[in-house]
Structures are given as structure tokens and as C-alpha cells.
Amino acid sequence: MLPLTSRPRALTTVDALLTEGLAHPDRVAELRQVTSEFRLRISPLMREAMGNLATGPLARQFVPTPAELDVRPEERTDPIGDLTHKVAPGLTHRYPDRVILAVTQSCDVYCRFCFRRETVGGDGALSDADLDAACAYIAAHPAIWEVVLTGGDPLSLSARRIGAIMDRLSRIPHLGIIRFHTRVPVVFPERITPALIRALKVRPAVYMVIHTNHAQELTGVSCAALARLAQAGIPLLSQTVLLKGINDDPDTLEDLFRTLLRNRVKPYYLHHSDLARGTGHFRTSISAGQAIMKVLRGRLSGTALPTYVLDIPGGFGKVPIGPAYLTPDAGGWRVTDPQGHSHLYRDPV
Ligand SMILES: *Cc1c(COP(=O)(O)O)cnc(C)c1O
Ligand code: SF4
């Protein structure tokens, strides 16, 4: 494995995209406008994995396009209401038993559809003072038993910094779970080092939710990093964003979910695309998402199926929005099977 200092560089500028043949010279002015608002970064591994296709499922996720300048009236700067429930710098408390803590704004890739695109890419990780304030808040609220580390990408921090955060959180006695929401094992697997894994051996149970949207992201080295995490006893889950033209068909998602499961990652959430600014070209309808889930229910084991969820705009929380199999009927229930046939079910009296 290459030491971090001699690895190939990430792509971070429109000029670099041009050099690599990933941007059309006629669109440079628009692309510069896009990247002045929303940061650009493509990790070396994702650059390599996308090949020379500026239109494949990886390029479409990471290479900016003029379509991002098309901001629609329903789109928002705070699509899921992180700010509505903000209780301290970096800390959002929406559900009684858990908080999310943004420990950095940095990521190894900036996804063009990111629901936090207004805040990611800014400078600065959470300061020690802010971490102290967040820990004080959590310590003062015994109902909080889970901390979800997010950002940005929490695993883009150094193993040493992550160790320090683990230490601080572990000292809060009522904390049972520390959960990472991360794309690092897939897009920058070199970061999953023995030092990092040692830093994750703490008293609260550590879980990881891996953000990944297409089986092409799961390169050999990405899968090896997932294996190192699984080997260390860290339960792995995944979250996927439903993205038009990238994964919005049953075959692509079936392939992704089977690949994840084989790599010991349990598909957890399929997110309906959030109303972030300039992301309309990625958004499907809810009925399209439900139709896909319906097909997958007939094809895949429950172990491979995530819950299709909507984060209700405004900060009202995530709810399942999958297809309905049950409707009240004649004092009982009308149930639809995976083949589409309907059956009457009655609760025992
Ligand atoms: C998504 C989210 C969580 C975690 O939700 P789960 O359903 O437990 O995965 C917690 N807090 C906030 C503010 C969130 O947006
Ligand atoms: S890795 Fe996550 S936080 Fe970072 S840009 Fe992508 S979706 Fe946003």
C-alpha cells in the first residue's frame, strides 16, 4: 500500500477535469460557476474506477455538470432540517435517543447530489472546544444512547483524531453505540489502517454505515477494506441514494445489494433523493422508487433489502415510503404477495 504522501492526487479543479478529458471545453465557464459554489473532489481510486467514460455511473456521481446551476423552487439550502434541531456546533438532536455529530466538513469525494452540499467542503474540523461542548450536551442528556458521527466524512480525519474523539465519547457512561456514516472504505480505502482499527476498539459498540450507490464503486481494494472492518468485528450496514440514470432500476440495485451482502454489508437504507439545491436532474419520483422496491422484494432475500426512506423536508424525520402490501378490507386486511396477487387476512378474534 502506498504511503499517504506518495499516492496519486485527487482531482479538485475544473482544469484537472479538462486535462483528464472529463469536461467539455465549451462548458468551462459554467463548470467554474458550479465549482465556485459546490466543491469538487474525486479521490484517486474513484478517478481510476470511472475509466475514461464521462457518462458512467461513477462519473455522473462525482464530475460536476452545468445541470447543477438549475435550482428549482422546491429545493432548499437545509433539505433535511439539520439546522432546525441544532443544539450545539456540529450537533443535531432530532430523535430522543440519538444525535448526529458532524466532526469534519471534509470528504474524499464530493458527491454532486450531496444533501449537505451547502456545508461540506468548508474548512475546519470540529474544534476541541466544540467537541467538549457536544460531549457536555450528550453527558447532560441520559436519554441519548447513540452518537452518529457524520460530516463531511468522519473517517476522512486522521486515526489519531478519531482515537481522541472515541476516547471522549467512551467516557460518557450512558452511550451504548457510536455509529459512523462514511464513504471512506469505498472511495479511499487506504485510510482503513491497523491504527484506525485500533482506535475503534472502545467500550461502546461501533457500527459503520457505508454510503455506496453502485456496484462499480466496490473495487477490489474497497472490498478488502470492508473485509478488514468486518474482521475487526465492526457490524457493517449500507445506505444508498436513489439516483436517476445511475441506479434507478431493479437490476443495478440488485447487483449492488448482492455485492454488499457478499462483502458482509447489510443494506440498511435506500434514500429518496433529498431536495438539495441543483440536484433535480438526479431525482426520481417516489412511485418510481416504490416500483423498483416491489420488483426487488420478489427477487431478493430480506437480508439484501434496505428500507426505502424519505427524510421529510423541514427536519421532521425519516419514514419508510416503500410500496404498501396491506390495506384494510372487509373488517380484515387485503395483503398483496410479491407476484401481485391479493389475499384476505383476518386477525384472530
Ligand atoms: C438520519 C438521522 C439520524 C439517524 O436515523 P436512523 O433512522 O437511526 O438511521 C439521527 N438523527 C438525525 C438528525 C438524522 O438525520
Ligand atoms: S461523501 Fe457524503 S457528505 Fe461527502 S459529499 Fe458525498 S454524500 Fe456528501
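Indexing begins at 1, ligand by ligand and atom by atom, following the structure's order. The chain is numbered in sequence order, starting from 1.
Not a single N or O atom of Tyr95, backbone or side chain, sits closer than 3.5 Å to an N or O atom of ligand 1. An N or O contact shorter than 3.5 Å is missing between Glu146 and ligand 1 by distance.
Between Arg94 and Gly315, the shortest heavy-atom distance links the atoms NE-O, 3.6 Å. When all heavy atoms of Arg32 and Val14 are compared, the pair lying nearest together is NH1-CB, 3.8 Å. When all heavy atoms of Tyr269 and Lys318 are compared, the pair lying nearest together is CE1-CD, 3.8 Å. Closest approach of Ile292 to Leu253, counting heavy atoms only: CG2-CD1, 3.8 Å.
The single protein non-hydrogen atom nearest to atom 12 (C) of ligand 1 is Ile100 CG2, 3.6 Å, given as residue, atom name and distance. Nearest protein heavy-atom neighbour of atom 8 (O) of ligand 1: Arg98 NE, 2.7 Å. The protein heavy atom nearest to atom 1 (S) of ligand 2 is Arg183 CD, 3.4 Å. At the top of the distance list for atom 7 (O) of ligand 1, counting protein heavy atoms only, stands Tyr269 OH, 2.5 Å. At the shortest separation from atom 8 (Fe) of ligand 2 among protein heavy atoms lies Cys114 SG, 2.3 Å. In terms of protein heavy-atom proximity, atom 5 (S) of ligand 2 is nearest to Cys111 N, 3.3 Å. For atom 14 (C) of ligand 1, the closest non-hydrogen atom on the protein side is Lys318 NZ, 3.1 Å.
Using a 3.5 Å distance cut-off with no hydrogens or angles, the side chains of Thr104 and Arg161 do not pair a donor with an acceptor. No side-chain donor from either of His281 and Asp70 sits under 3.5 Å from a side-chain acceptor of the other. Looking only at atom types and distance, the side chain of Arg203 has no donor-acceptor partner in the side chain of Ser170 under 3.5 Å away.
Cys107 lies close to atom 4 (Fe) of ligand 2, since one of its N, O or S atoms is found at a distance under 2.8 Å.
Judged by the shortest distance from any of its heavy atoms, Val109 lies inside the 4.0 Å radius around the atoms of ligand 2. Within the structure, the closest approach of His85 to ligand 1 does not fall below 4.0 Å when heavy atoms are considered.
Ligand-side atoms of ligand 1 in range of Tyr268: 6 (P), 7 (O), 8 (O), 9 (O), range being under 4.0 angstrom from any heavy atom. Using a 4.0 Å cut-off to heavy atoms of His211, the atoms of ligand 2 that qualify are 2 (Fe), 7 (S).
Val184 is connected to Val206 through a chain of hydrophobic side-chain contacts under 4.5 Å among Ile, Leu, Val, Met, Phe, Trp and Tyr, so both are in one cluster.
Put simply, the side chain of Tyr345 does not reach to within 4.5 Å of the side chain of Arg334, judged on heavy atoms.
Here Lys86 has no heavy atoms under 4.0 Å from ligand 1, in either its backbone or its side chain.
Aromatic ring centres of Tyr137 and His93 lie closer together than 6.0 Å.
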